[in-house]
**Student:** 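Quick one: this structure, given as structure tokens, is what I'll be asking you about.
Lettering of chains follows the sequences in order, A, B, ..., and the numbering in each one begins at 1. In this text, all values refer to a predicted model and were calculated from it rather than measured experimentally.
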2 protein chains.
Amino acid sequence: MAKNVARPKNIRFAVIATDIVVFRIVAGELCVLLGKVNTSPYFINRWGVIGGLVLPKETVEKSAERLLQTKAGIGSMYKEQLYTFSSVDRDPRGRVVSVAHLGLAKESLRAGEGSMDIRWVSLRALPDLAYDHNEMVAMGLERLRARIGYTNIVQHLLPETFTLSELQALYEKVLNRKLDKRNFRKKVLKTRMIRKSGIMKKEGAMRPAALYEFASKAVKTVQIL
Amino acid sequence: MAKNVARPKNIRFAVIATDIVVFRIVAGELCVLLGKVNTSPYFINRWGVIGGLVLPKETVEKSAERLLQTKAGIGSMYKEQLYTFSSVDRDPRGRVVSVAHLGLAKESLRAGEGSMDIRWVSLRALPDLAYDHNEMVAMGLERLRARIGYTNIVQHLLPETFTLSELQALYEKVLNRKLDKRNFRKKVLKTRMIRKSGIMKKEGAMRPAALYEFASKAVKTVQIL
DNA sequence: TCAAAAGTGTTGTGCATACACCCATGC
DNA sequence: GCATGGGTGTATGCACAACACTTTTGA
């Protein structure tokens with residue numbers, strides 16, 4: 001290496017944190033998981049995504065998992081790294097570098113029910129969040145939109161079995177636009193990423209719908225849209 | 001938030017670092033910038049990508065810029081965040097969380113010339129690197145490959161003006177496969193991401209080639225391949 | 001006139017889009 | 001028999017892949 005640069009006396013000046021932008025469909029709406037933030041005097045009763053400090057003996061991924069568990073009572077879910085936010089003044093209390101994650105939760109999952117401090121909030125009614133969390137949510141949504149077009153990660157927002165109409169509705173929610181039913185079915189079946197479960201869904205006074213399941217739980221890239 | 005977790009007595013246990021995987025075409029080969037790593041007794045005379053500690057008053061992006069400047073004498077270049085590596089034992093000396101970046105350098109750029117500690121190394125002859133740097137390089141290459149297919153970032157590997165054959169050769173180097181000349185030209189021109197500069201390149205006993213330039217310096221997403 | 005790279009079009013095939021009606025069920 | 005969502009096919013145009021020869025220049 002060329003030359004040594006002046007080093008700060010204390011090289012451990014920063015705190016490492018992680019934040020998780022968790023999406024989930026709730027009552028037909030694409031929602032994000034928020035928790036109350038109270039870091040007086042800077043943020044009083046604001047909302048923010050779930051996050052917290054990384055511990056000395058855990059990776060940021062493990063930390064994200066632990067924080068979801070302890071702060072929102074959520075078990076395991078699909079997660080991927082999103083972006084690392086390192087603005088010097090992103091936390092008014094001091095230097096905090098946060099590794100943001102994208103998380104996807106199934107509708108069946110229950111989190112923070114009964115708690116006043118944890119809520120699923122529709123993206124169409126997103127408040128001003130603490131810190132740079134609005135930016136994180138925007139980035140998470142952008143990433144989700146991109147990735148459902150070429151991977152099978154939507155499965156993490158769906159139950160084990162689902163109808164094609166439900167799958168299409170989910171794509172439409174995430175992409176925020178209508179899709180053609182026949183073309184959607186052709187495309188999604190052509191990828192072979194889903195297959196018929198063999199079971200039918202009977203519900204109400206309607207023709208029963210075939211229930212499908214994902215062929216592989218591993219994240220795969222396939223051209224869908 | 002639900003409950004408080006036990007916090008470590010010193011929450012500032014970690015060091016934040018950044019590493020930059022810089023690609024550049026050198027003599028027709030796709031190369032990556034490496035520097036000598038000597039962290040006795042763990043790594044003696046190994047190679048690794050350029051990196052170092054983030055300072056208290058800089059973002060990781062600024063830090064990457066500074067480190068490239070001071071360690072390799074490189075000015076500004078295109079950079080984007082790649083991934084944050086946080087394995088607990090990725091650095092044998094202690095906990096270091098590193099935010100890796102992807103960098104692209106033009107062939108005209110000179111770095112570390114004359115230094116024994118800085119080298120551009122062909123990807124086809126990549127040695128065992130220090131830390132988790134092989135993983136970083138692999139991830140950087142994967143990202144570059146994906147992104148040249150749908151953005152105009154190749155421009156950062158090219159001089160201001162270039163011929164279509166040079167552009168195609170670059171795509172072939174990065175993707176490591178041959179492309180059809182006529183189809184390549186049609187596709188790349190259809191995106192309108194490049195345009196004729198109006199100048200011709202005369203060289204040797206050959207038909208002169210039209211020189212092209214990028215229409216926009218901003219990173220844009222366009223369907224290319 | 002030769003060597004070396006630049007430049008250029010057509011055709012077939014498959015894929016995407018647009019679009020509307022019948023089906024199965026429970027009440 | 002009606003209301004509700006489930007399920008299906010075709011025609012058209014567009015995009016992509018495969019493919020080979022002529023042009024321009026300097027030596």
**Student:** Name the first nucleotide and the last nucleotide along DNA chain D (5' to 3') that come under 4.0 Å of a heavy atom in chain A.
**Tutor:** D:dA3 to D:dT10

**Student:** Is any N or O donor-acceptor pair between the side chain of A:Arg182 and the base of C:dA20 shorter than 3.5 Å?
**Tutor:** yes

**Student:** Of A:Arg207 and A:Lys196, whose closest DNA chain D nucleotide lies nearer the 5' terminus?
**Tutor:** A:Arg207

**Student:** From CG of B:Asn183 over to C1' of C:dG7, roughly how many Å is that when rounded to an integer?
**Tutor:** 14 Å

**Student:** Given atom NZ of A:Lys187 and atom P of C:dA16, what is their separation to the nearest angstrom?
**Tutor:** 6 Å

**Student:** Mind calculating the distance between CZ (A:Phe184) and P (C:dA16) to the nearest angstrom?
**Tutor:** 14 Å

**Student:** For DNA chain C, whose closest nucleotide is more 5', that of A:Gly204 or that of A:Lys186?
**Tutor:** A:Lys186

**Student:** Please state how far atom CG in A:Leu225 lies from atom C1' in C:dT17, giving the value in whole angstrom units.
**Tutor:** 14 Å

**Student:** Hey, which of A:Ile199, A:Leu158, A:Leu189 is the one that makes side chain to side chain contact (heavy atoms under 4.5 Å, CB included) with A:Tyr212?
**Tutor:** A:Leu189

**Student:** Which is it for A:Phe162 and A:Phe214 under the ring pair (Phe, Tyr, Trp, His ring centres under 6.0 Å) test, yes or no, and what are the steps along the way?
**Tutor:** CA-CA 9 Å; A:Phe162 50 88; A:Phe214 275 84; 5.3 Å; yes

**Student:** Under 4.0 Å between a side-chain N/O of A:Lys181 and OP1 or OP2 of C:dC19, yes or no?
**Tutor:** no

**Student:** How far does OG of B:Ser76 sit from CD of B:Glu65, to the nearest 0.5 angstrom?
**Tutor:** 6.0 Å

**Student:** Using 4.0 Å as the upper bound for N to carboxylate O, is an ion pair formed by A:Arg24 and A:Glu107?
**Tutor:** no

**Student:** Has B:Ser165 got a side-chain N or O lying under 4.0 Å from the OP1 or OP2 atom of C:dA5?
**Tutor:** no

**Student:** Tell me which donor-acceptor pairs under 3.5 Å the side chains of residues 217-225 of chain A have, and how far apart each pair is, sequence neighbours excluded?
**Tutor:**
unit_1	atom_1	unit_2	atom_2	d
A:Lys217	NZ	A:Glu160	OE1	3.1
A:Lys217	NZ	A:Glu160	OE2	3.3

**Student:** Return the value, rounded to whole Å, for the distance between atom NZ of B:Lys201 and atom C1' of C:dG7.
**Tutor:** 16 Å

**Student:** Between atom CD in B:Gln223 and atom C1' in C:dA16, what is the gap in whole Å?
**Tutor:** 14 Å

**Student:** Output the rounded distance in Å from CG (B:Asp180) to C1' (C:dG9).
**Tutor:** 12 Å

**Student:** Check B:Arg147 with B:Glu80, please: is the shortest side-chain N to carboxylate O separation under 4.0 Å?
**Tutor:** yes

**Student:** How do A:Ala205 and A:Met200 order along DNA chain D: which one's closest nucleotide is nearer the 5' end?
**Tutor:** A:Ala205

**Student:** Using modelled atom types only, decide if a donor and an acceptor are shared between the side chain of B:Arg143 and the backbone of B:Gln81 within a distance under 3.5 Å.
**Tutor:** yes

**Student:** Rounding to a whole Å, what distance do you find between B:Glu166:CD and C:dA4:P?
**Tutor:** 18 Å

